[in-house]
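One structure is given here, and the rest of the page talks about it.
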Protein chains: 2
Amino acid sequence: MSFGNIKVTTSLIESINKGIDQWLADDESDACPVRDILTRVGDKWSVLVLMRLGRQPERFRSLMRAIDGISQRMLTSTLRGLEYDGLVHRQVFDTRPPSVEYSLTDMGLSLVGHISVLANWAIEHRSQIEDAHCAYNSSQADD
Amino acid sequence: MSFGNIKVTTSLIESINKGIDQWLADDESDACPVRDILTRVGDKWSVLVLMRLGRQPERFRSLMRAIDGISQRMLTSTLRGLEYDGLVHRQVFDTRPPSVEYSLTDMGLSLVGHISVLANWAIEHRSQIEDAHCAYNSSQADD
DNA sequence: CTGAATCCCCAACGATACTG
DNA sequence: CAGTATCGTTGGGGATTCAG
């Protein structure tokens, strides 16, 4: 079985999974990189910000205008989180009025690439997913 | 720049991103496959269930024992969601007591492959992310 | 064993107002 | 412009109970 340039085999997954569970389920220590990243990928605003910054560096107010529906508060905390993980770089220019430019780090750019792959997967499987929705609904209607 | 078998270039991202924003930000219609999938990937229980089922088909009670900390309620709704999207297949055996076996569909297996790639990315960048955390913390300490 | 239904809480988010 | 601080709401998820 092959999807794009990613070959998927049961044995591959086996080897990949070997040990992943413990990282994912590691409730005790908060130092679980897999959980952290997956959570960030699942975060609506983080992904939107990363995608924006994947185009070009951008300033706070500009990001706010570009990303529809985000509040000042959420944009701030989202950017803080991304900066915290080293995905986004924050550059302050000491001007009046102050201006701050956000940009992707190399690691951020790398992650955006992987997110894009996932996004493409979703788009490619869109119709299949919709079919599944219909199938599910009609199977429920039988009850 | 290259990561594993995924080549990441700005132009690639440009072309990939072309139009993704509208899919992501599509608040009006709920039919946004990208958001749906990313949300699912960001969901703690969904990923754990998918990883488990990536090994072998498994029954409800067995999954519950295997996935530490999940409640009956969440396992049920998680499985429903995965089934709804066509990622998981639900097979009912008409026995006494009833038994239900869950397994990955081909699409589910495919998604698990991509999630594994992302998980590996997180593991590979673990130290780099931790470094970023330290750098962030010490930069905050200056204030 | 596999669920559905109910209650309940709290953390996350939005809105608003204020500051350098 | 780029934030911080505070408050109010809400819905996601845990615990529990009931059902087939």
Side-chain angles (χ1 to χ4, degrees), chain A residues 24-25 27 30 35-36 38-49 52-53 57-84 88-103 136 139-143, chain B residues 24-25 27 30 35-36 38-49 52-53 57-84 88-103 136 139-143:
Chain A
L24 285 169
D27 294 13
D30 276 344
R35 259 269 56 77
D36 290 346
L38 290 181
T39 298
R40 216 164 274 298
V41 169
D43 182 44
K44 179 181 183 180
W45 299 130
S46 290
V47 173
L48 286 173
V49 168
R52 269 310 280 193
L53 295 181
E58 208 162 354
R59 292 173 51 184
F60 188 90
R61 179 63 42 175
S62 173
L63 279 170
M64 181 129 177
R65 274 189 294 264
I67 301 175
D68 196 55
I70 194 170
S71 67
Q72 222 171 49
R73 178 175 146 65
M74 288 317 293
L75 180 54
T76 298
S77 74
T78 298
L79 286 168
R80 288 291 171 281
L82 296 173
E83 191 192 353
Y84 180 67
V88 156
H89 176 65
R90 178 174 181 265
Q91 169 130 13
V92 180
F93 297 99
D94 198 4
T95 59
R96 286 287 319 237
S99 80
V100 179
E101 188 179 83
Y102 294 92
S103 56
Y136 182 87
S139 76
Q140 292 303 304
D142 298 345
D143 302 344
Chain B
L24 286 168
D27 295 11
D30 277 343
R35 261 267 59 77
D36 291 347
L38 290 181
T39 298
R40 216 166 274 299
V41 169
D43 182 47
K44 180 179 181 179
W45 299 130
S46 289
V47 172
L48 286 172
V49 168
R52 268 310 280 193
L53 296 181
E58 207 162 357
R59 291 174 53 184
F60 188 90
R61 179 62 43 177
S62 173
L63 279 171
M64 188 134 169
R65 273 190 295 262
I67 301 176
D68 194 57
I70 194 170
S71 66
Q72 232 173 44
R73 175 179 150 72
M74 286 318 294
L75 181 54
T76 299
S77 72
T78 297
L79 286 167
R80 287 293 171 279
L82 295 174
E83 191 193 355
Y84 180 66
V88 156
H89 176 67
R90 179 173 180 265
Q91 171 128 15
V92 180
F93 296 100
D94 199 4
T95 58
R96 284 291 315 240
S99 81
V100 179
E101 189 179 83
Y102 293 92
S103 56
Y136 182 88
S139 76
Q140 292 303 304
D142 299 343
D143 304 344

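Per chain, numbering begins at 1; letters A, B, ... match sequence-line order.
Atom CG of B:Asp43 and atom P of D:dG13 are 6 Å apart (whole Å). In this structure, A:Asp94 places its CG atom 17 Å from P of D:dC1, rounding to the nearest Å. Note: CD1 (B:Ile67) to C1' (C:dT2) measures 15 Å, nearest angstrom. With rounding to whole Å, A:Glu101 atom CD is found 17 Å from D:dG3 atom C1'. Straight-line distance from the CD1 atom of B:Ile70 to the P atom of D:dT16: 17 Å, rounded to whole Å. To the nearest angstrom, C1' of D:dG14 lies 12 Å from NZ of B:Lys44. Straight-line distance from the CZ atom of B:Arg73 to the P atom of D:dG12: 9 Å, rounded to whole Å. Put simply, CD on B:Gln91 is 15 Å from C1' on C:dT2, counting in whole angstrom units.
Between A:Tyr102 and A:Phe60, the two ring planes are tilted [angle within 30° to 60°].
Note that the two end axes of the helix from C:dC1-D:dG20 to C:dG20-D:dC1 enclose an angle of 40°, each drawn from 5 base pairs, rounded to 10 degrees.
Within 4.0 Å (heavy atoms only), A:Phe93 reaches no atom of the nucleic acid at all.
For B:Met74, the side-chain atoms get nearest to D:dG13 when compared with the rest of C:dA15, D:dG13, D:dG3. In this structure, of D:dC1, C:dG3, C:dC1, it is C:dG3 that holds the atom nearest to the side chain of B:Thr76. Closest contact between the side chain of B:Gln72 and the listed nucleotides D:dA2, C:dG3, C:dC1 involves C:dG3. Listed candidates were D:dT6, C:dA4, D:dT4. Nearest to the side chain of A:Arg80 is D:dT4. Closest to the side chain of A:Arg90, out of C:dG3, D:dG3, D:dA2, is D:dG3.
Here the closest non-hydrogen pair linking A:Val41 and A:Val47 is O-CG2, 3.1 Å.
Rounding to the nearest 0.5 angstrom, the gap separating the CG atom in B:Leu38 from the CG atom in B:Asp43 is 12.5 Å. Taking CZ of B:Arg52 as the start and CE of B:Met64 as the end, the distance is 14.0 Å to the nearest 0.5 Å.
B:Trp45 has a side-chain polar atom (N or O) that falls below the 4.0 Å cut-off from OP1 or OP2 of D:dG14. Proximity of A:Tyr102 to the phosphate of D:dG3: a side-chain N or O atom is located under 4.0 Å from OP1 or OP2.
Contacts between residues 57-64 of chain B and DNA chain C, defined by a heavy-atom separation under 4.0 Å, are made by B:Arg59, B:Phe60, B:Arg61.
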